[in-house]
Amino acid sequence: MSRKALLSLFVPLALLFACSKSVLVSVPPRMELNRYAMLGIVDFASSAEPALGARAARALQERIQAAQPGTRFLELGERDAVLASVGAKQLDPAALKRIGEKYGVAAVFVGELAYSQPTMEVKLMDLTKLEGAARSEVKGEISSRLLETASGASVWSRSAWARRQIGGVNVSSEQGVSGGIRQGNPREAMLPALVYEL
């Protein structure tokens with residue numbers, strides 16, 4: 001290769017590298033939690049196992065503290081027990097005010113975690129060749145709110161959902177029958193994805 005050809009390749013590459021600079025830009029969080037001296041978190045209500053609701057609350061707390069180090073949390077436990085401790089039956093502004101006074105929290109995270117029953121989807125691609133597929137999946141939904149204890153006002157809310165396949169079968173004239181079932185608890189397996197989306 002000639003010297004002229006090498007220069008014609010080298011010069012554009014050198015200019016490209018010279019012009020490229022990395023610029024770091026700090027992005028502020030959507031919700032500044034450092035304005036609250038102490039936050040409370042209540043175990044999420046769960047349509048499945050109560051332990052999953054407690055795990056969801058801990059996972060949300062971990063994510064928040066990783067994003068905003070120094071955020072102070074007080075783990076309050078199950079919703080019914082927290083309400084009973086302040087003589088309330090529902091989470092209304094009066095109950096939130098008593099929770100704030102009793103536990104010294106300025107705001108409280110509450111949430112719900114719901115899972116569907118497994119559903120089956122069947123697709124027939126070619127009936128003459130008996131080709132098709134079937135899959136079973138579970139859908140999970142999570143939602144949370146941050147409620148100020150002094151006023152009962154909601155200052156943040158969000159919800160998210162995810163699906164997880166738990167099994168499937170494919171039937172093909174060329175490849176025969178293939179399929180499988182995922183081991184473990186699909187509801188527990190999708191919890192990190194749900195909290196991440198939240």
Side-chain angles (χ1 to χ4, degrees), residues 30-31 33 36 38-69 71-96 98-100 102-122 133-149 152 154-169 179-198:
R30 291 182 182 176
M31 180 75 187
L33 296 176
Y36 299 108
M38 176 93 70
L39 294 168
I41 189 162
V42 176
D43 291 352
F44 285 24
S46 174
S47 70
E49 310 153 37
L52 288 178
R55 284 193 57 219
R58 298 300 88 69
L60 178 62
Q61 178 182 339
E62 288 171 11
R63 287 238 171 232
I64 290 170
Q65 288 178 321
Q68 297 186 40
T71 303
R72 299 176 64 208
F73 272 95
L74 184 62
E75 298 172 7
L76 301 174
E78 294 180 0
R79 185 180 300 195
D80 290 340
V82 174
L83 289 172
S85 75
V86 295
K89 295 188 186 227
Q90 62 183 5
L91 202 57
D92 56 18
L96 283 164
R98 290 194 296 253
I99 290 169
K102 179 171 182 162
Y103 296 104
V105 293
V108 177
F109 278 100
V110 296
E112 290 81 31
L113 182 62
Y115 293 100
S116 71
Q117 292 298 319
T119 59
M120 179 69 77
E121 180 184 339
V122 178
R135 61 181 269 152
S136 180
E137 68 180 17
V138 172
K139 181 179 179 184
E141 296 182 27
I142 192 169
S143 63
S144 183
R145 295 176 293 153
L146 179 61
L147 306 169
E148 289 185 338
T149 55
S154 174
V155 293
W156 175 86
S157 65
R158 184 149 167 86
S159 62
W161 62 272
R163 294 179 193 265
R164 179 144 178 107
Q165 184 174 342
I166 55 178
V169 175
I181 296 175
R182 290 183 187 238
Q183 299 297 317
N185 183 344
R187 292 172 176 93
E188 189 173 331
M190 77 169 68
L191 189 58
L194 285 168
V195 173
Y196 175 79
E197 289 300 322
L198 187 63

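Throughout, residue positions are numbered sequentially from 1 according to the sequence presented.
Minimum interatomic distance between Q61 and I41 (heavy atoms only, all atoms of both residues): OE1-CG2, 3.8 Å. The shortest non-hydrogen separation linking A160 to E197 is CB-CB, 3.5 Å. Scanning both residues, S154 and S157, for their nearest heavy atoms gives OG-CB, 4.4 Å. G140 approaches Y115 most closely through the heavy-atom pair CA-CD2, 3.7 Å.
L146 places a side-chain heavy atom less than 4.5 Å from the side chain of L39. Side-chain contact check for R158 versus R145: every heavy-atom pair is 4.5 Å or farther apart. Side chains of L60 and L198 form a contact here, defined as non-hydrogen atoms less than 4.5 Å apart. The side-chain heavy atoms of V42 and I99, taken from C-beta on, include no pair separated by under 4.5 Å. Annotation: side chain of T149 is in contact with side chain of V108 (closest heavy-atom distance under 4.5 Å).
Remark: R79 CZ is packed, more than 12 non-hydrogen atoms of other residues, nucleotides or ligands lying under 6.0 Å away. A 6.0 Å sphere centred on CD of E137 holds more than 12 heavy atoms belonging to other residues, nucleotides or ligands.
Atom-to-atom distance recorded for Y196:OH and I142:CD1 is 14.5 Å, nearest 0.5 angstrom. To the nearest 0.5 Å, atoms CG (L194) and CZ (F44) are separated by 10.5 Å. Expressed to the nearest 0.5 Å, how far CG of L33 lies from CD of Q68 amounts to 4.5 Å. Taking CH2 from W161 and OG from S143, the interatomic distance works out to 15.0 Å, rounded to the nearest 0.5 Å. Here the straight-line distance linking atom CG of L191 with atom CG of L52 works out to 6.0 Å at 0.5 Å rounding. To the nearest 0.5 Å, the span separating CZ on R55 from OG on S46 amounts to 11.0 Å.
No donor-acceptor pair closer than 3.5 Å links the side chain of R72 to the backbone N or O of V105. Distance alone, capped at 3.5 Å, places no donor-acceptor pair between the S136 side chain and the M120 backbone.
Under a 4.0 Å N-O distance rule, the pair R58/D43 qualifies as a salt bridge. The pair R164-E188 does not count as a salt bridge, with every side-chain nitrogen at least 4.0 angstrom from each carboxylate oxygen. Taking a cutoff of 4.0 Å between a charged side-chain nitrogen and a carboxylate oxygen, E141 and K139 qualify as a salt bridge.
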Going by atom type alone, with no hydrogens or angles, which donor-acceptor pairs under 3.5 Å involve a side-chain atom of residues 86-95 and a protein atom two or more places apart or on another chain?
| residue | atom | partner | partner atom | Å |
| --- | --- | --- | --- | --- |
| D92 | OD1 | A94 | N | 3.4 |
| D92 | OD1 | A95 | N | 2.8 |

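For the 3.5 Å distance criterion, the side chains of T71 and Q65 fail to qualify, holding no donor opposite an acceptor. Remark: the S85 side chain and the Y103 side chain contain an N/O donor-acceptor pair separated by less than 3.5 Å.
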Checklist entry - Hey, mind stepping through R163 and V138 against side chain to side chain contact (heavy atoms under 4.5 Å, CB included) and telling me if it holds? => result CA-CA 6 Å; R163 294 179 193 265; V138 172; over 6 Å; no
